[in-house]
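Please read these numbers as outputs of a predicted model, since none were measured by experiment.
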Amino acid sequence: HCACGLTTIVRLSHVLAGVTRSCGCFKPRRRHGMSTTPEYRAWNAAKQRCHASRDRGFKNYGARGIAMCDRWQQSFENFISDMGPRPSPDHTLERLENSGPYAPDNCAWRTWREQSRNKRTNRLLTYCGETLCVMDWAHRLGIQHHLLYCRLGRGWTVERALSTPAAR
C-alpha cells in the first residue's frame with residue numbers, strides 16, 4: 001500500500017533497499033527548475049573550481065585561496081537571487097577583483113571582451129596618470145595591440161610606445 005492510497009505490486013527487496021519508495025506517484029521535486037541553464041552551469045563551475053580539488057581549474061582558483069561565499073555555496077537559489085539572470089548569451093560570470101571570492105559584491109555578468117581586460121596576465125601601463133591594459137591603450141590610440149607589445153619588447157619606454165604614432 002502506497003502513502004497516496006493506491007495498491008501496487010513491487011519487489012519486497014526493492015522496498016527494503018529503498019529503491020522503490022512509492023507506487024510511482026512520488027517524483028523528486030525540482031527545487032528551482034534551472035539545472036540546465038547557463039546560470040546554473042556558471043554557478044556550479046565556479047563552485048567546483050573553488051572547492052573540488054580534482055577539478056582541472058582548482059589550481060588557479062581554490063589552490064590560490066579563491067572561494068565561493070557561504071551563501072552561494074548553500075544554494076543556487078541564493079546565487080540567482082543575488083545575480084539575477086545573465087543579460088545575454090554573450091555574458092558570463094566574472095569576479096571583479098581577481099584575487100577575491102565569488103560573492104555578490106565581487107561578481108557581475110560580463111562579456112568575454114570585458115573579461116579579457118581583467119586577467120592576471122594582462123600588462124598594465126601607466127601614462128599621464130592613467131593605468132590601462134595594453135589592449136585598452138591600443139584601442140584608445142587607434143593602433144594594433146601587437147605593435148605596442150612589439151615596441152615594449154624592444155625596450156621602448158611606456159611614454160614613447162604610447163606617444164609615437166603608428167607608421168602607415
Any donor and acceptor pair, going by atom type alone, linking the side chain of E39 with main-chain N or O of R86 inside 3.5 Å? yes
By side chain to side chain contact (heavy atoms under 4.5 Å, CB included), P87 pairs with (sequence neighbours left out) H91, W109
The criterion is side chain to side chain donor-acceptor pair (under 3.5 Å); which residues satisfy it with W43, sequence neighbours excluded? none
Test S163 against Y127 for side chain to side chain contact (heavy atoms under 4.5 Å, CB included), laying out the working first. CA-CA 9 Å; S163 62; Y127 178 63; 3.5 Å; yes
Should P38 and P89 count as side-chain neighbours, where that means a heavy-atom distance under 4.5 Å? no
Indicate, with yes or no, if V158 and L141 share a hydrophobic cluster defined by side-chain heavy-atom contacts under 4.5 Å among Ile, Leu, Val, Met, Phe, Trp and Tyr. yes
Tell me which donor-acceptor pairs under 3.5 Å the side chains of residues 44-51 have, and how far apart each pair is, sequence neighbours excluded?
unit_1 : atom_1 : unit_2 : atom_2 : d
K47    : NZ     : Q73    : O      : 3.4
R49    : NH2    : Y102   : OH     : 2.8
H51    : NE2    : M68    : N      : 3.2

How many angstroms lie between atom CD of E159 and atom OG1 of T164, to the nearest 0.5 angstrom? 9.0 Å
T111: side chain to side chain donor-acceptor pair (under 3.5 Å) partners, not counting sequence neighbours: E114
Can you list the residues that meet the side chain to side chain contact (heavy atoms under 4.5 Å, CB included) rule with R154, with sequence neighbours excluded? C150, W156
Are I143 and L162 linked, directly or through other ILVMFWY residues, by side chains that come within less than 4.5 angstrom of each other? yes
Would you say the side chain of L125 lies within less than 4.5 Å of the side chain of L152, judging by non-hydrogen atoms? yes
Mind checking who shares a hydrophobic cluster with L16, ILVMFWY linked at side-chain heavy-atom distances under 4.5 Å? L12
When you group the ILVMFWY residues by side-chain heavy-atom contacts below 4.5 Å and let the links chain together, are W72 and M34 in the same group? yes
Just grab all the side-chain hydrogen bond (donor to acceptor under 3.5 Å, both in side chains) pairs involving residues 55-68, residues at least two apart or on different chains. none
Listed by chain and number, what are the side chain to side chain contact (heavy atoms under 4.5 Å, CB included) partners of T131, not counting sequence neighbours? L124, T126
Salt bridge (charged side-chain N to carboxylate O under 4.0 Å, His left out): which pairs involve residues 91-102, sequence neighbours left out? E94-R110
Restricting to ring pair (Phe, Tyr, Trp, His ring centres under 6.0 Å), what partner residues turn up for Y149, sequence neighbours left out? none
Closest approach of P101 and I66, non-hydrogen atoms and distance? CA-CG2, 4.5 Å
Does some side-chain heavy atom of S81 sit less than 4.5 Å from a side-chain heavy atom of R71? yes
Give, for atom CD1 of I80 and atom OH of Y40, the distance between the pair rounded to the nearest 0.5 Å. 12.0 Å
Criterion side chain to side chain contact (heavy atoms under 4.5 Å, CB included) on R123 and L148, from CA distance to verdict: CA-CA 11 Å; R123 182 161 182 190; L148 282 181; over 6 Å; no
D136: what forms a salt bridge (Lys or Arg N to Asp or Glu O under 4.0 Å) with it, not counting sequence neighbours? R117
Test side chain to side chain contact (heavy atoms under 4.5 Å, CB included) applied to S53 - qualifying residues, sequence neighbours left out: F58
